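We number each residue from 1, following the sequence as shown. Given the structure is predicted, the values throughout are model-derived calculations rather than measurements.
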Amino acid sequence: MTITRRSLVMAGLTVPFVAHAQTAWKPSQAIRLVVPFAPGTAMDPVARFVQDHFQKTLGVPLIIDNRPGAATLIGGMDVLRSPPDGHTLFMMANSFAANVTLRAEKTSTWPNAFQPVVMATIVPHVLTLAPGIAADFKGFVDYCKRPGNAAIYGSPGIGTSLHLGAEQFCQLSGIKATHVAYNGTAQLIQDIMSERVHFMFGNLPDVVQPAKEKHLVPVAVAAPRRVRDLPDVPTLGELGFPQVLSDSWFGVVVRAEVPEIARQTLERVWIEALTQAGIRQKLEGLGYEVLALPGAEFGATIQKYVRVYAEVIKTANIRVE
């Protein structure tokens, strides 16, 4: 199948011609996938489950190189110092789009420096309440807007997709709430259960079990449609807020100078791997929705998030040290 080139340039992100033909580029050495987070974090399954397919298809191993630190800057800079020959990939998340504004002095050129390969997976966020706040979305809004109430929401860090999604929702809904940043989600969830914090936007897999046990109250899902694990919870679109952009996605990019024939081959192999029934089932079992979108669509998605995050960050005057 051949997809004709679209005349689009997404904030400097290359929108390439995609040809799913026979492999025309062969790697001459192992392919290195730089993951800008520590081993064992949410990116790892997405990377590790495709390793066998890379070995079988391209004849070389896919080596996962975890380079955590500095809000993914360490990993990104490592890739930008690598030869632009297709042998180094960068797995990134929503933080890539947020950093363009939050850390502009170091990352404002990144949309021009990388070109997208594949948008791999996505996890929707769930607007989740402490048990004593409200039983549904309307009750939650009423609680937050009631005179004398001082709502507090938490996130696993400043500038994370969970923080920016919650902040955008507050801006659109008119809810006034104070943000508290945590180092991860474990303590945040405990504090919501004990009502020290009133609400959060949480990753779907983190919310499902506590919700079933009535320790947390999910009142809305930030997704285009309702999710299987919480079928009775409406989407934010159903509730009048379709603009809210709150989810966690993972994708792969390469340096902009990588030859297009190499980028096309890498795109094809990634999509083949992610759409295999066994790999898809494993990822879905962990709570991921497999997208396997080609680079052109991923480029458009990145541009959208860069634009929305910039508006949210500037409106809220969010800053990082």
Exercise: identify the closest heavy-atom pair between [X] and [Y]:
{"X": "Pro124", "Y": "Val221", "result": "CB-CG1, 4.2 Å"}
{"X": "His87", "Y": "Pro27", "result": "NE2-CA, 3.4 Å"}
{"X": "Ile318", "Y": "Val312", "result": "CD1-O, 4.4 Å"}
{"X": "Cys144", "Y": "Ala151", "result": "SG-CB, 3.9 Å"}
{"X": "Leu239", "Y": "Pro234", "result": "CD1-CG, 3.9 Å"}

Practice prompt. Begin with the C-alpha distance, continue with both residues' side-chain angles, and end with the deciding distance and a verdict on side chain to side chain contact (heavy atoms under 4.5 Å, CB included) for Val207 and Asp229.
Written response: CA-CA 10 Å; Val207 170; Asp229 292 323; over 6 Å; no

Practice prompt. Step by step, work out the side chain to side chain contact (heavy atoms under 4.5 Å, CB included) result for Leu102 and Ile313.
Written response: CA-CA 7 Å; Leu102 279 176; Ile313 290 164; 3.6 Å; yes

Worksheet item: Applying ring pair (Phe, Tyr, Trp, His ring centres under 6.0 Å), which residue pairs with at least one partner in residues 195-233 are found, sequence neighbours left out?
Response: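 Of all non-adjacent pairs touching residues 195-233, those that pass ring pair (Phe, Tyr, Trp, His ring centres under 6.0 Å) are Phe140-Phe199, Tyr143-His198, Tyr153-Phe199, Phe169-Phe201.
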
Answer yes or no: is there a donor N or O on one side and an acceptor on the other, between the side chain of [X] and the main chain of [Y], under 3.5 Å?
{"X": "Thr88", "Y": "Pro84", "answer": "no"}
{"X": "Ser108", "Y": "Glu105", "answer": "no"}
{"X": "Thr235", "Y": "Arg225", "answer": "no"}
{"X": "Arg226", "Y": "Pro231", "answer": "yes"}
{"X": "Arg263", "Y": "Pro116", "answer": "yes"}
{"X": "Asp247", "Y": "Ala222", "answer": "no"}
{"X": "Gln187", "Y": "Tyr182", "answer": "no"}

Discussion item. Salt bridge or not between Asp142 and Arg146? Use side-chain N to carboxylate O under 4.0 Å.
Written reply: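 Looking at Asp142 and Arg146, the cut-off is not met.
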
Worksheet item: Parallel under 30°, tilted from 30 to 60°, perpendicular over 60°: which one fits the rings of Phe250 and Tyr288?
Response: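 Aromatic pair Phe250/Tyr288 classed tilted.
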
Worksheet item: Same cluster or not: are Val254 and Ile63 linked, directly or through other Ile, Leu, Val, Met, Phe, Trp or Tyr residues, by side-chain heavy atoms under 4.5 angstrom apart?
Response: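 As far as the 4.5 Å side-chain criterion goes, Ile63 and Val254 are not connected within one cluster.
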
Worksheet item: Does a donor on one side chain sit under 3.5 Å from an acceptor on the other, for Gln171 and Glu167?
Response: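 Gln171 vs Glu167: donor-acceptor pair found between side chains.
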
Any chance you could measure [X], atom [atom1], to [Y], atom [atom2], to the nearest 0.5 Å?
{"X": "Thr121", "Y": "Glu284", "atom1": "OG1", "atom2": "CD", "answer": "11.0 Å"}
{"X": "Leu164", "Y": "Ile158", "atom1": "CG", "atom2": "CD1", "answer": "10.5 Å"}
{"X": "Leu283", "Y": "Leu291", "atom1": "CG", "atom2": "CG", "answer": "11.0 Å"}
{"X": "Thr72", "Y": "Asn99", "atom1": "OG1", "atom2": "CG", "answer": "4.5 Å"}
{"X": "Ser95", "Y": "Phe37", "atom1": "OG", "atom2": "CZ", "answer": "4.5 Å"}

Worksheet item: Taking only residues two or more places apart in sequence, or in another chain, which ones meet Val50 in a side-chain contact (heavy atoms from CB on, under 4.5 Å)?
Response: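 If we apply the side-chain contact (heavy atoms from CB on, under 4.5 Å) test to Val50, skipping adjacent residues, the hits are Phe54, Leu62, Trp270, Ala273, Leu274.
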
Fill in: Set of salt bridge (charged side-chain N to carboxylate O under 4.0 Å, His left out) partners for Glu195, sequence neighbours left out
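Checked Glu195 against salt bridge (charged side-chain N to carboxylate O under 4.0 Å, His left out); zero matches.
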
Would you say [X] and [Y] make side-chain contact, with heavy atoms under 4.5 Å?
{"X": "Thr265", "Y": "Leu58", "answer": "yes"}
{"X": "Ser161", "Y": "His125", "answer": "yes"}
{"X": "Thr101", "Y": "Tyr309", "answer": "no"}

Item to complete: Before giving the answer on side chain to side chain contact (heavy atoms under 4.5 Å, CB included), spell out for Arg255 and Ser82 the whole-Å C-alpha distance, their side-chain angles and the decisive distance to 0.1 Å.
Response: CA-CA 8 Å; Arg255 285 190 56 178; Ser82 67; 4.1 Å; yes

Worksheet item: Would Met200 and Leu162 satisfy side chain to side chain contact (heavy atoms under 4.5 Å, CB included), going step by step from the backbone distance to the final call?
Response: CA-CA 8 Å; Met200 70 173 184; Leu162 294 153; over 6 Å; no

